[in-house]
Amino acid sequence: MLVPDDDGVAALSGVDGVRPLRYQVGRPWPSAAVKASVLVPRFLTTEDMSAMLAELPELAYIQLLSAGAEIWIGRLPPGVLLSTCRGAHGGSTAEWVVGGLLAMYRNFPRFQRAQERREWDYHVTDTLQDKRLLVVGAGDLGDQLARRLAPFDCHVTLVGRTARDGVHGVDELPELLPGYDAVVLMVPLTSATTRMVDSAFLARMADDAILVNAARGAVVDTDALVAELRTGRLRAVLDVTEPEPLPVDHPLWTMEGLLLTPHVGGSCRGAEARSWRIAAEEIRRYASGQPPRNLVRGDY
């Protein structure tokens, strides 16, 4: 199997039935790759590897190090399985959401600017306590976030693709949106979620509500969000954007009421080790004839 770094070689060396082979990203496959049945792309790869995949005649399974799989959908050779690294980045992404909400409610960006001016800007702030949060995405990310919000006495409502015990269906969003202080996006990017947050979605959000995007930039209609932020009615915390990275002249850079980070929700110390633990277990299951737990099916 093909792995992109030495951490992968170490993580998989003890897995029965697996022989990891290191490849160099951006260079031709090593000669032994023609016999490889498993490929692990590098974390958050953005390049289209369709041509290179065609050079792997025995390829049967791709194991990602990320939770998002959108760039692979529709680009795999027939019959090749795809599994994500769901469970590796949920905790750090949830932590980023909590940090972003705390920064907005406690006015940390304003205090930082005052510090740079050496100005003692004392004022009363809002609080995360008792806020009503609507979390769109009821998978690992949503569950991880709900756990971390519990100590703040937040009232969390989860929304999934379909309704089930403790989870509302996405079809209920129009009725749910007006009743929440913040809406957190933690969904995969699919044909159903692309630009799901459009002008109508934003218009239904409560005055002074905060939109938090920890999903993918294309889940939000950027022009609609810019138009809403310009009115000052809503605020936003974004770790992802469309386009990404933002051009230097993009209006989001200078929006009031916006906290922006450069897609770092899952990028923190220990992320590689957590990713490889999940990946190694998925590959172990595959090598032993069991189905991996994170297989992507259809539009996932």
Side-chain angles (χ1 to χ4, degrees), residues 41-50 53 62-76 80-94 96-97 100 134-145 158-162 167-171 173 177 183-202 205 211-226 236-247 250 252 260-267 271 275 278-279 292-300:
R42 68 177 178 177
F43 179 61
L44 290 182
T45 184
T46 57
E47 60 263 37
D48 184 353
M49 298 182 67
S50 301
L53 294 182
I62 294 177
Q63 173 61 53
L64 303 182
L65 296 174
S66 63
E70 64 275 1
I71 71 164
W72 297 93
I73 303 300
R75 297 182 178 178
L76 298 182
V80 174
L81 300 176
L82 177 67
S83 180
T84 71
C85 212
R86 179 172 55 89
H89 309 295
S92 55
T93 302
W96 174 88
V97 172
L134 187 65
V135 179
V136 185
D140 175 65
L141 294 179
D143 290 342
Q144 294 268 16
L145 178 58
L158 295 175
V159 176
R161 281 185 294 182
T162 57
V167 177
H168 291 263
V170 70
D171 58 309
L173 274 174
L177 287 169
V183 178
V184 183
L185 307 174
M186 306 190 91
V187 294
L189 181 62
T190 69
S191 59
T193 63
T194 298
R195 291 180 178 79
M196 70 179 294
V197 181
D198 55 13
S199 57
F201 184 110
L202 295 168
M205 290 176 60
L211 178 74
V212 183
N213 192 358
R216 289 292 186 266
V219 173
V220 176
D221 182 327
T222 302
D223 291 341
L225 178 60
V226 167
V237 181
L238 307 178
D239 188 43
V240 289
T241 59
E242 177 65 18
E244 188 176 303
L246 283 179
H250 199 281
L252 279 177
L260 177 66
T261 59
H263 204 153
V264 296
S267 301
S275 295
I278 299 290
R293 292 189 173 94
N294 295 343
L295 280 180
V296 174
R297 305 182 189 279
D299 203 17
Y300 95 119

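Quick caveat, the model's predicted, so the values are computed rather than measured.
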For a side-chain contact (heavy atoms from CB on, under 4.5 Å) check, start with the C-alpha distance between Val219 and Val136, then their side-chain angles and the critical distance, and finish with the verdict.
CA-CA 11 Å; Val219 173; Val136 185; over 6 Å; no
What verdict does the side-chain contact (heavy atoms from CB on, under 4.5 Å) test give for Val183 and Phe201, after you've listed the backbone C-alpha separation in whole Å, the side-chain angles of each residue and the deciding distance to 0.1 Å?
CA-CA 11 Å; Val183 178; Phe201 184 110; 4.1 Å; yes
Apply side-chain contact (heavy atoms from CB on, under 4.5 Å) to residues Val80 and Leu82 and explain how you reach the verdict.
CA-CA 7 Å; Val80 174; Leu82 177 67; over 6 Å; no
Going through the distances and angles, do Val170 and Met196 end up as a side-chain contact (heavy atoms from CB on, under 4.5 Å)?
CA-CA 10 Å; Val170 70; Met196 70 179 294; 4.1 Å; yes
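A side-chain donor-acceptor contact under 3.5 Å links Asn294 to the backbone of Arg86. Here the side chain of Gln63 pairs a donor or acceptor atom with the backbone of Thr84 at under 3.5 angstrom.
Partner Leu185 forms a side chain to side chain contact (heavy atoms under 4.5 Å, CB included) with one of Val135, Val220, Leu134 and no other, that one being Val220. Just one residue in the list Asp239, Leu141, Leu145 forms a side chain to side chain contact (heavy atoms under 4.5 Å, CB included) with Val97, and that residue is Leu145. Results of the side chain to side chain contact (heavy atoms under 4.5 Å, CB included) test with Leu225 over Leu211, Asp198, Val197 single out Leu211 as the only residue that passes.
Inter-residue side-chain proximity for Val237 and Val184 is flagged as unmet; no heavy-atom pair is nearer than 4.5 Å.
With sequence neighbours excluded, no residue satisfies side chain to side chain donor-acceptor pair (under 3.5 Å) with Thr222. Residues satisfying the side chain to side chain donor-acceptor pair (under 3.5 Å) criterion with Ser199, sequence neighbours excluded, are absent altogether. Legend: residues meeting side chain to side chain donor-acceptor pair (under 3.5 Å) with Thr93, ordered by chain and number and at least two apart, are absent. Looking at residues two or more places apart in sequence or on another chain, you find no side chain to side chain donor-acceptor pair (under 3.5 Å) involving Asn213. With sequence neighbours excluded, no residue forms a salt bridge (charged side-chain N to carboxylate O under 4.0 Å, His left out) with Arg195. In this structure Leu81 satisfies the side chain to side chain contact (heavy atoms under 4.5 Å, CB included) test together with Tyr61, Tyr286, Leu295, sequence neighbours excluded.
For the residue pair His89 / Ser275, a side-chain donor-acceptor distance below 3.5 Å is found, with atom types taken as modelled.
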